[in-house]
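Encoded as structure tokens, the structure appears first; notes follow it.
Values below: every heavy atom of this structure, side chains too, minus hydrogens, waters and symmetry copies. All of these numbers come straight from a predicted model, not from anything done at the bench.
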Amino acid sequence: NAFFPQYMGEAGFDVLAMDAIEVPSHKVQELPERTAYAHIKRSFRRSGGADAVYILGSGWRTLDIIAKLEGELGVPVVHPVTARAWEMCERLRIHKPVMGYGRLLEKMLRRDMRQHVGRE
């Protein structure tokens, strides 16, 4: 986790928090969604809020909590699995919204429309 704030900073993002849950990496997928949800929400509030939340790690079971987190926190929540799904749909030119997994898949906007997301 120490590497990622620096990487994101170099990419132009201001990282307000990067709080890990102490669990062995091979056990991450066993972590209940409610535990991940509570941790993300607590970290977001402790940081004073942010423009978005990025959940690091594909193994986290977060697909079913992304939309709920977005609703409660009021910001986009991105997870590597949903980001890869969006990217594959983009490459295949599939722009059909997928509901229930957060704004990224619900909007399913083309690359040339990304600048307008959040201005609605």
Side-chain angles (χ1 to χ4, degrees):
N1 284 340
F3 168 77
F4 287 98
Q6 177 184 344
Y7 173 80
M8 296 293 233
E10 290 172 1
F13 294 95
D14 293 325
V15 178
L16 303 179
M18 180 75 67
D19 298 331
I21 292 181
E22 297 302 321
V23 60
S25 60
H26 67 281
K27 297 278 189 180
V28 168
Q29 61 273 31
E30 296 175 18
L31 199 67
E33 288 176 349
R34 67 184 178 278
T35 303
Y37 173 83
H39 175 75
I40 293 163
K41 194 170 165 181
R42 191 171 40 252
S43 179
F44 180 84
R45 293 216 168 108
R46 191 173 35 241
S47 73
D51 294 331
V53 171
Y54 177 71
I55 303 169
L56 177 65
S58 298
W60 286 59
R61 296 177 57 184
T62 60
L63 291 179
D64 293 331
I65 63 171
I66 292 173
K68 184 177 179 183
L69 281 166
E70 286 182 337
E72 289 195 26
L73 303 178
V75 299
V77 175
V78 179
H79 182 263
V81 172
T82 56
R84 281 192 294 276
W86 179 88
E87 177 68 22
M88 293 307 296
C89 288
E90 172 66 20
R91 289 177 184 223
L92 295 170
R93 294 187 171 99
I94 298 170
H95 299 116
K96 182 179 178 185
V98 178
M99 307 309 284
Y101 302 105
R103 295 179 197 181
L104 185 62
L105 296 180
E106 287 177 5
K107 301 285 183 190
M108 201 56 80
L109 298 173
R110 297 183 312 274
R111 281 188 198 275
D112 59 345
M113 296 297 292
R114 285 186 296 180
Q115 68 219 26
H116 302 291
V117 174
R119 294 185 187 174
E120 302 160 5

State whether Arg46 and Asp19 are salt-bridged, where the test is any N-O pair (Lys NZ or Arg NE/NH1/NH2 against Asp/Glu carboxylate O) under 4.0 Å.
yes
Say whether Tyr7 and Tyr54 are linked into one hydrophobic cluster, either directly or through other cluster members, by side-chain heavy-atom distances under 4.5 angstrom.
yes
If you group Ile, Leu, Val, Met, Phe, Trp and Tyr by side-chain heavy-atom gaps below 4.5 Å, do Leu56 and Val15 land in one group?
yes
What heavy-atom pair brings Pro80 and Ser58 nearest, and what distance separates the two atoms?
CB-OG, 3.5 Å
Atom pair CD (Glu87) and CD (Glu90), whose distance is rounded to the nearest 0.5 Å:
7.0 Å
As an exercise, state the distance from CG of Asp14 to CE of Met8, rounded to the nearest 0.5 Å.
11.5 Å
Measuring from Leu63:CG to Ile55:CD1, what's the distance to the nearest 0.5 Å?
9.0 Å
Would you call Asp64 and Tyr101 a side-chain contact if the rule is heavy atoms closer than 4.5 Å?
yes
Testing the basics here: between Gly102 and Glu70, what is the closest heavy-atom pair and its distance to 0.1 Å?
CA-OE1, 3.1 Å
Val78, Val77, Leu104 screened by side-chain contact (heavy atoms from CB on, under 4.5 Å) with Ile66, the one that passes:
Val77
Glu33 CD to Lys68 NZ distance, which is reported to the nearest 0.5 Å:
10.0 Å
Kindly indicate whether the side chain of Leu69, heavy atoms from C-beta on, has any atom under 4.5 Å from the side chain of Val53.
no
Enter the distance from Ser47:OG to Arg45:CZ here, rounded to the nearest 0.5 Å.
10.5 Å
Could you tell me if the side chain of Arg61 sits less than 4.5 Å from the side chain of Leu31, heavy atoms only?
no
Minimum side-chain heavy-atom gap His95-Cys89 below 4.5 Å
no
Positive for side-chain contact (heavy atoms from CB on, under 4.5 Å) with Trp60, one of Ile65, Ile21, Val81:
Ile21
Residue pair Phe44 / Glu72, side-chain heavy-atom distance below 4.5 Å:
no
Are the side chains of Phe13 and Pro5 in touch, meaning some heavy atoms are under 4.5 Å apart?
no
Are the side chain of His39 and the backbone of Arg34 linked by a donor-acceptor contact shorter than 3.5 Å?
no
Mind listing the closest non-hydrogen atom pair of Thr62 and Ala36 along with its distance?
CG2-CB, 4.3 Å
Looking only at heavy atoms, what is the nearest atom pair of Val28 and Gly59, with distance?
CG1-C, 3.7 Å
Out of curiosity, does Val23 fall in the hydrophobic cluster containing Tyr37 (side-chain heavy atoms, cut-off under 4.5 Å, transitive links)?
yes
